[in-house]
Amino acid sequence: MKWWAGSFFWRTLAVLVVALVASQAASFLLFRQQVQQPRYARGIGQFVSHLKTIHAALNTLPPGAEREFLERLAEKEGIRVVPARGDDPGRPAGNRPGMHMFRERIKALFGEDAEVFVGPGAPGELRVRLRADDRAYWVTFPRNRVERDNTDALLYWMLAGVGIAILATALIAWRLNRPLARLALAAQHLGKGGDPPPVPETGPSEVRAVARAFNSMKESLKREERERTTFLAGISHDLRTPLSRLRLDVEMLEGRVDPASQEGMVADIEDMNAIIDQFIDYARSEATEAFAPVNLSSVARDCAERAARAGAQVKCDLADTPVQMLRPLAMRRLVDNLIQNAARHGGGEILVRTAMAGGEVTLSVLDRGPGIPPADIERLKEPFTRRDEARSGRSGAGLGLAIVARIAKAHGARFDLAPREGGGLAASVSFPVAA
């Protein structure tokens, strides 16, 4: 029900339909009061005048002239007048608005005992009992002489009008909603780190202006991202050259300085290189890489073997996972950052695990470090945040988990940090199988 209540299309359609129905109902009531009822009154008045003429003729005409008058009346007007001989009068007519008006008029003319009946065996005819010169007569006439009820036709006309108006309103609302829906999808794609195509600038002028502004904003963001990447790449190139010279100078100091000091300088240089690598990884946009078939377990195995060759204690527990449409280089950066984060802060053996459950493929990297307090989990997913007091070892630039979080978001995955059973941290990224 939430999508129905919140949709612009359905809200617009509902408001317009309610307004149309209300206007048609008001038109129907006004028509009945101002047009239909006056027509009933004129028609009934004319027919009552016929009855008065018939009643006067029955009272005054001699038998021969009376017979001729009644025959001519039946032939031309469809009104039959026959003597009442105690036969069944039929059932009383209903009390619909036109019939009620007719009944009141004949009672006012012919007395309170005058009544309107539906002819026996002929529901399309009405009968009125008249007394003239101590004789009783049945006056039988077609029902439509006093009850021309076109309410059904009017209702059908109203329903047809409302149906046509609803279809036209739905078309207008759909044409107005379609560019807004495209704009919402593009904004959602852009918010997840993607690079959606330009939004077509169609629809009303206001919607075209919004689409034009969105396309301009997207191009500005892409331009700024390219400039940022170029800027950071230039900085990394400028910094790596003196760092390489420093590393060479430190290596040439062997035997002239304390070995521990020399190792410390080499470690500091490696840390600076690692920080530069993190800056470059964070500045790189995943949206520029195309999706391709990727087996997450294979990527995890390759990254774990590479980390083991670099000296990390890595163990694998990999399940048979399906191939998914992912960005291959982004997946390698994600796994590398998780393993590096565990090696830097956790210490000891690192377990890389993949599992398939609940329609998701989950990649987990588990360590035996101090862990992260629950209150700091979301904060540490932000860039340039560290918690040195919670995790031992050297700290980087505070970008490792931020890179993982951004890559996971760009793939529609869920990134979780939780305490590991027995102590340590479990970092998990869950990818929907349909990704």
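Heavy-atom basis, side chains included; hydrogens, waters and symmetry copies ignored. Computed from a prediction, not measured in an experiment: that's the story for all the values here.
Salt-bridge check for Arg379 with Glu382: failed, with every basic side-chain N at 4.0 Å or more from each acidic carboxylate O. Ion pairing of Asp302 with Arg332 is present here, as a side-chain N (NZ or NE/NH1/NH2) and a carboxylate O approach within less than 4.0 Å. A salt bridge links Glu201 to Arg212: at least one charged side-chain nitrogen sits closer than 4.0 Å to a carboxylate oxygen.
The shortest heavy-atom contact between Ala300 and Val335 is CA-CG1, 4.2 Å. Smallest separation of non-hydrogen atoms from Val361 and Pro322: CG2-CD, 3.8 Å.
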Let me see the working for Ser297 and Thr321 under side chain to side chain donor-acceptor pair (under 3.5 Å), right down to the final yes or no. CA-CA 6 Å; Ser297 292; Thr321 56; 3.0 Å; yes
Apply side-chain contact (heavy atoms from CB on, under 4.5 Å) to Leu334 and Val429, showing your working. CA-CA 9 Å; Leu334 181 145; Val429 184; 4.2 Å; yes
Yes or no on side-chain contact (heavy atoms from CB on, under 4.5 Å) for Thr140 and Arg80, after CA distance, side-chain angles and deciding distance? CA-CA 5 Å; Thr140 305; Arg80 302 192 307 275; 3.4 Å; yes
Stepwise, does the side-chain contact (heavy atoms from CB on, under 4.5 Å) test hold for Thr354 with Thr362? CA-CA 6 Å; Thr354 57; Thr362 301; over 6 Å; no
Give the C-alpha distance, both sets of side-chain angles, the deciding distance and a yes or no for side-chain contact (heavy atoms from CB on, under 4.5 Å) between Leu190 and Phe214. CA-CA 10 Å; Leu190 183 64; Phe214 176 83; 4.1 Å; yes
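Using a 4.5 Å cut-off on side-chain heavy atoms (C-beta onward), Asp317 and Val352 make no contact. Using a 4.5 Å heavy-atom threshold, the side chains of Leu417 and Leu425 count as touching. Counting only heavy atoms from C-beta outward, the side chains of Ile407 and Ile403 approach each other to under 4.5 Å. A heavy-atom distance below 4.5 Å is not found between the side chains of Ile79 and Leu51. Val210 is listed as a side-chain neighbour of Leu183, based on a closest heavy-atom distance under 4.5 Å. Side chains of Leu380 and Ile372 form a contact here, defined as non-hydrogen atoms less than 4.5 Å apart. Side-chain contact between Gln188 and Leu185 is present, with heavy atoms from C-beta onward closer than 4.5 Å. A 4.5 Å side-chain heavy-atom check between Leu296 and Met331 finds at least one atom pair inside the cut-off.
Side-chain atoms of Lys218 come within 3.5 Å of backbone N or O of Pro196 as a donor-acceptor pair. Between the side chain of His411 and the backbone N or O of Arg327, at least one donor-acceptor pair lies under 3.5 Å. In terms of modelled atom types and a separation under 3.5 Å, the side chain of Asn215 and the main chain of Val199 share a donor-acceptor contact. For Asn341 (side chain) and Asn337 (main-chain N/O), no donor-acceptor pair under 3.5 Å exists by modelled atom type.
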Could you pull out every donor-acceptor pair under 3.5 Å between side chains of residues 307-316 and any protein atom, sequence neighbours left out?
none

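Separating the CZ atom in Arg306 from the CZ atom in Arg301 is a distance of 13.5 Å, to the nearest 0.5 Å. Here the straight-line distance linking atom CG of Asp416 with atom CD1 of Ile377 works out to 8.5 Å at 0.5 Å rounding. Rounded to the nearest 0.5 Å, atoms CG (Leu351) and CZ (Arg420) are 5.5 Å apart. Rounded to the nearest 0.5 Å, atoms OG (Ser430) and CZ (Arg414) are 4.0 Å apart. The OG atom of Ser428 sits 6.5 Å away from atom CG of Leu366, with the distance rounded to the nearest 0.5 Å. To the nearest 0.5 Å, atoms CG (Asn295) and CG (Leu318) are separated by 9.0 Å.
A donor-acceptor contact closer than 3.5 angstrom links the side chains of Thr202 and Arg182.
Relative to the six-membered ring of Phe415, Lys409 misses at least one condition, a distance below 6.0 Å or an angle of at most 45° to the axis.
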